[in-house]
Amino acid sequence: MPDYEIQELMICRIAAEMTAEGEHITLMGSFTPLAYAAYMLGKLTHASDAWLAGYNAVGMPAIELSFTGAEPAAYKAATSRASFTENGHLFHLGTRGLLECVSSAQIDGTTAINLSAIGPYDRPKVRLPGGAGAPEVVQNYRKLVAYFSKHDRRTLVPVVDFATGRRTPVGREQRDALGMATNGPVLIVTPLAVLRKDDDEAPFAIESAHPGVDPETIVAQTGFELTVPTQVPTTTEPTGAQLALLRERIDPRGTARFDFLSGAERMSYLEQILDAEWRRAEALVAGSAEVAS
Amino acid sequence: MPDYEIQELMICRIAAEMTAEGEHITLMGSFTPLAYAAYMLGKLTHASDAWLAGYNAVGMPAIELSFTGAEPAAYKAATSRASFTENGHLFHLGTRGLLECVSSAQIDGTTAINLSAIGPYDRPKVRLPGGAGAPEVVQNYRKLVAYFSKHDRRTLVPVVDFATGRRTPVGREQRDALGMATNGPVLIVTPLAVLRKDDDEAPFAIESAHPGVDPETIVAQTGFELTVPTQVPTTTEPTGAQLALLRERIDPRGTARFDFLSGAERMSYLEQILDAEWRRAEALVAGSAEVAS
Amino acid sequence: MTLDKTTSLEQLPDLVPPQATVALGGAWFANHPMAAVRELIRAGRDDVHAVALLGSIDVDLLIGAGALSRLTFGMVTLEAFGLSVNLRHAVQEGRLPIAEIPALSLQVALEAGGRSVPFLPLRGPVGSDLVALHPEVFGTATSSFGEEAMIVRALRPDVAIVHALRCDSAGNAQFDGTYGQDPELAKAADRVIVTCEEIVDRAEIAREPHMTKIPGFLVDAVIEAPFGAHPCSHVPRYGLDAWTIHSYQEAALAGGETYAAHVEQLRSESESEYRERVIGEHRGRVLEALVEAAVVLEEE
Amino acid sequence: MTLDKTTSLEQLPDLVPPQATVALGGAWFANHPMAAVRELIRAGRDDVHAVALLGSIDVDLLIGAGALSRLTFGMVTLEAFGLSVNLRHAVQEGRLPIAEIPALSLQVALEAGGRSVPFLPLRGPVGSDLVALHPEVFGTATSSFGEEAMIVRALRPDVAIVHALRCDSAGNAQFDGTYGQDPELAKAADRVIVTCEEIVDRAEIAREPHMTKIPGFLVDAVIEAPFGAHPCSHVPRYGLDAWTIHSYQEAALAGGETYAAHVEQLRSESESEYRERVIGEHRGRVLEALVEAAVVLEEE
């Protein structure tokens with residue numbers, strides 16, 4: 001069993017959701033390392049035919065993760081361009097969206113996510129960024145994965161302070177009846193476990209506990225009701241091949257670890273990565289200056 | 001006074017409606033020589049800043065008229081491309097359409113045009129082509145000119161057999177109140193006269209009679225009620241400069257005359273023009289074969 | 001990506017289910033998927049419900065060959081060459097059920113289909129008798145804000161067939177000249193068939209990503225069909241074969257055995273035999289040269 | 001065409017009427033019209049109602065400099081660098097009226113504005129508390145066919161400001177990389193201001209007509225502003241200046257005199273002095289090289 005970090009296990013679990021499904025497509029916006037890593041891992045392994053779009057670049061191939069490079073890389077070998085509004089109608093508001101990975105400050109047992117405010121909405125304790133297109137996307141994509149770098153009762157809460165978005169209904173039959181895209185449950189992927197909700201009337205259940213995590217810890221750290229199966233499976237660990245792909249090709253500078261750090265450590269880690277990104281670009285400038293002289 | 005043919009006078013009168021009006025644009029579809037000639041004449045004279053689109057080519061410059069060349073010429077120096085649907089929302093269904101020139105089998109005093117059927121709609125005597133986008137366009141453009149190669153009671157009829165489209169309301173105040181684009185009356189331009197309608201409650205009036213045409217003839221040949229002013233102005237004749245532009249640059253092969261011919265003469269005229277178009281293209285093939293050998 | 005959606009023109013009729021509603025790309029004399037039209041006729045189809053926004057010889061030929069069971073259209077005309085003879089006869093004799101829908105409204109109905117919304121509001125053809133004639137398309141919607149708007153109901157054809165300049169095997173379809181409302185047809189239809197002048201590598205598509213008007217994820221089948229719009233134009237590859245259209249119209253006007261022989265000829269030959277017979281090397285070059293011959297009066 | 005819509009960046013604030021609703025182009029850290037943002041701040045504006053679908057440093061800076069009277073937004077974030085400090089403070093202290101509208105719904109509201117229709121139906125954010133919070137945006141429409149759909153009401157900003165790669169004097173604006181929903185902003189707004197990396201001849205635009213995402217007839221003013229998105233990216237011209245954004249965020253987090261000095265510095269210099277001070281020749285080249293440095297893992 002290879003050594004791995006927790007975000008690597010999470011990436012591999014989410015990547016399993018990344019499937020090639022005909023006319024369905026996954027669109028990436030702002031650079032969110034863990035989600036990007038999962039998409040790329042899927043695309044480079046079992047889901048090579050999956051459609052990806054990044055920013056206005058549609059049909060993009062897999063790219064290396066980078067804070068400054070993700071956006072330009074998306075354009076380099078993409079097969080088309082489309083306005084966000086046009087893509088919005090096709091994927092986000094239509095029925096062709098495949099896999100949405102969303103992270104939020106809070107989530108509750110109804111699938112409500114809070115990206116708006118901690119505390120009263122009108123005079124919040126913490127004003128959060130807002131949901132961008134998540135309120136529509138969580139509702140319309142075939143698959144929804146909510147992921148979190150912490151699994152605690154402040155994140156997985158009894159009731160969100162504010163529902164920026166929510167998937168409703170969740171159940172496949174109810175969604176089919178409304179002509180809404182669906183292909184599976186709502187998943188929550190955290191550093192402790194994978195939770196899943198298949199049914200509007202039933203709570204989230206533990207789908208699997210990560211190696212070394214007992215179900216009691218998961219329940220204790222979760223603010224909403226959980227169904228605990230009698231046999232709790234263990235989350236599949238990353239394979240050596242997956243880890244090699246992640247570490248050597250997809251995310252060689254380890255951007256996905258960033259969200260799992262906090263405080264000063266977090267900022268100094270970011271600075272290190274950015275230093276490396278600067279040096280790589282600067283070397284290209286020096287290289288062409290050399291050629292020119 | 002230079003010699004001119006009747007379609008040249010009509011072209012010059014319609015060209016006067018072609019004005020550069022900021023964000024407004026005129027879109028051309030299938031090749032209709034007289035309308036194309038009027039647009040080009042306007043663009044090459046007083047309305048050089050007017051926006052034109054042809055097919056999917058937006059921001060096209062003036063082009064030479066040709067049955068096989070109009071479409072490719074539209075693309076050659078245009079500044080952008082857009083789907084018909086996108087342009088439809090901007091111009092035809094929005095408020096940015098400038099000048100629509102339409103021809104139909106029949107028109108009546110309400111501005112109704114018939115492009116659908118002569119005789120009963122369900123079992124017509126003559127099934128006509130249909131209106132394409134005219135039903136929406138006559139309703140939404142700032143200016144509407146209906147032109148005809150014949151002025152008689154079979155064309156300008158008491159009531160159309162079928163209203164494929166109609167501008168309603170016509171009056172500026174009523175249109176303004178509905179937020180609809182407008183800049184002037186509905187014009188009818190024929191080989192005899194220019195008719196105009198400013199007001200929904202009033203009939204068309206004679207705006208001007210072409211040189212040598214008396215108002216009585218116009219009234220006698222018109223199937224709907226006409227207001228005849230006490231002094232009927234004479235339609236302005238083409239200038240030498242306009243005729244030179246039309247004959248030497250815009251329409252050197254005389255495509256605009258085509259619609260004013262009928263029967264065997266019409267087809268043989270078309271064949272002549274097409275022969276000339278073929279020879280021009282064939283000469284290019286021969287030219288490049290020579291270069292290659 | 002290893003997606004391979006390529007197939008042959010001969011397979012095309014099998015991709016069009018019985019009684020399918022089929023939206024045809026192109027506009028007026030530009031860029032209709034004529035190779036596909038000919039192939040449907042070769043297959044002896046008589047059950048197609050065609051949706052043609054701005055049709056010409058495509059629709060006339062389908063009607064003349066008896067391929068249509070129904071027609072939804074905005075316009076069908078042979079322009080300078082005259083009315084669509086076969087449309088005239090079929091409708092005047094009550095042989096073809098039609099739905100004549102103003103073309104912009106039809107575009108928006110298809111757009112609604114592509115968006116998975118039930119209807120879209122528009123500044124529609126108020127004043128047209130076609131509105132009252134088509135209550136299945138035109139309606140009104142009242143908003144909770146108190147506004148009332150004319151709407152068109154969403155239309156989702158079973159199949160769209162469009163002709164592109166080039167396409168890769170994953171279905172990324174590029175156009176440079178006229179593409180009409182082909183992208184919206186592709187978004188609206190359940191199945192999308194792209195015929196194209198040539199199938200190219202993904203890398204060639206990626207070099208001109210702005211020319212990809214139909215992204216591959218919308219496309220189900222890709223078919224190489226050189227001169228696949230002929231006798232219509234496909235700018236910038238070739239111009240309109242007005243001369244072949246003129247002969248066609250003469251056959252249509254003659255009708256009877258003359259026209260039947262025309263259809264029989266098409267049925268008896270493959271598409272490559274058609275190209276050899278009707279286009280050939282010299283005519284092909286002249287048709288290409290029409291694009292170069294077209295004159296812009298001012299480059300501005 | 002002799003249309004000349006070019007003007008200088010210094011004139012931009014005069015093109016933004018008092019209390020105007022101003023839609024800002026770009027998305028996340030890409031392609032915000034930052035030179036225009038700085039110029040509004042230089043002009044001492046305090047009355048702008050910004051509409052920011054996916055904002056970052058553009059909105060944070062406008063708030064921090066006191067330029068906004070109101071904010072309509074889908075998201076404002078400094079991503080890896082943290083929350084938008086100035087948005088946090090302004091909202092938490094009740095100093096800035098906001099309308100938080102899910103970004104896709106906001107896009108569709110702007111699209112409706114550009115189409116001159118009163119509303120558009122959409123598969124909207126059912127389940128979001130923002131729907132009930134914004135009855136001025138979200139409603140329902142009932143069709144005469146009996147369907148009910150969620151709708152958003154049309155939004156027409158007074159002004160849109162977008163940053164393009166290049167533009168001609170008639171306003172034809174081209175983009176190659178990220179252009180977000182800039183075309184729809186341009187269609188919706190009464191007045192459209194395009195800043196661009198360079199003003200080019202019409203002929204250069206006509207050589208790449210597929211890259212013209214905003215046709216000139218929609219545009220009112222064209223302003224050359226090299227590095228006009230900095231410190232945001234403008235792909236493929238230059239990448240994100242993450243280092244300058246990092247310093248900015250440190251100033252914002254420090255607040256008080258440190259942040260005031262940052263704003264004062266911007267106010268005291270012209271845009272070309274800004275470029276000289278913050279970017280300079282070497283940094284400019286490195287930012288350009290970021291695009292080349294970005295790695296594609298498979299060309300497929």
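Reminder, nothing fancy here: chain letters follow the sequence lines and each chain counts from 1.
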> Can you say whether Leu133(C) sits under 4.5 Å from chain B via the side chain, the backbone, both, or neither, judging by heavy atoms?
Replying inline: side chain
> Side chain, backbone, both or neither: which part of His282(C) has a heavy atom under 4.5 Å from chain B?
Replying inline: side chain
> Side chain, backbone, both or neither: which part of Val126(B) has an atom under 4.5 Å from a heavy atom of chain C?
Replying inline: both
> chain C heavy atoms under 4.5 Å from Ala57(B): which part of the residue, side chain, backbone, both or neither?
Replying inline: neither
>> What part of Gln249(C) gets within 4.5 angstrom of chain B, counting heavy atoms only: side chain, backbone, both, or neither?
In response: neither
> Would you say the side-chain atoms of Asp129(C) pair up with the backbone N or O of Thr164(B), donor to acceptor, closer than 3.5 Å?
Replying inline: no
>> What part of Leu93(B) gets within 4.5 angstrom of chain C, counting heavy atoms only: side chain, backbone, both, or neither?
In response: both
>> Please classify the contact of Thr111(B) with chain C as side chain, backbone, both or neither, using a heavy-atom distance under 4.5 Å.
In response: neither
>> Closer than 3.5 angstrom, by distance alone: can the side chain of Lys76(B) be matched with the main-chain N or O of Val295(C) as a donor-acceptor pair?
In response: no
> Contact part of Asp176(C) toward chain B, heavy-atom cut-off under 4.5 Å: side chain, backbone, both or neither?
Replying inline: both
>> Is Leu130(C) close to chain B through its backbone or its side chain, or both, or neither, when contacts mean heavy atoms under 4.5 Å?
In response: both
>> Does any backbone or side-chain atom of Ser56(C) lie under 4.5 Å from a heavy atom of chain B? Answer side chain, backbone, both or neither.
In response: neither
> So do Glu136(B) and Val126(C) actually touch side chain to side chain, heavy atoms under 4.5 Å?
Replying inline: no
> Between Arg266(B) and chain C, which part of the residue has a heavy atom less than 4.5 Å away: side chain, backbone, both or neither?
Replying inline: side chain
> Is it the case that Thr85(B) and Glu111(C) place a side-chain donor and acceptor less than 3.5 Å from each other?
Replying inline: no
> Charged N to carboxylate O under 4.0 angstrom, Arg127(B) versus Glu100(C)?
Replying inline: yes
>> Please classify the contact of Leu65(B) with chain C as side chain, backbone, both or neither, using a heavy-atom distance under 4.5 Å.
In response: neither
>> Donor-acceptor pair, distance only, cut-off 3.5 Å: does the side chain of Glu282(B) make one with the backbone of Val286(C)?
In response: no
>> Heavy-atom cut-off 4.5 Å, strictly under: side chain, backbone, both or neither for Glu184(C) against chain B?
In response: side chain
> Considering only heavy atoms, which portion of Phe81(C) lies under 4.5 Å from any heavy atom of chain B: side chain, backbone, both, or neither?
Replying inline: both
> So what's closer than 4.5 Å to chain B heavy atoms on Leu54(C): side chain, backbone, both or neither?
Replying inline: side chain
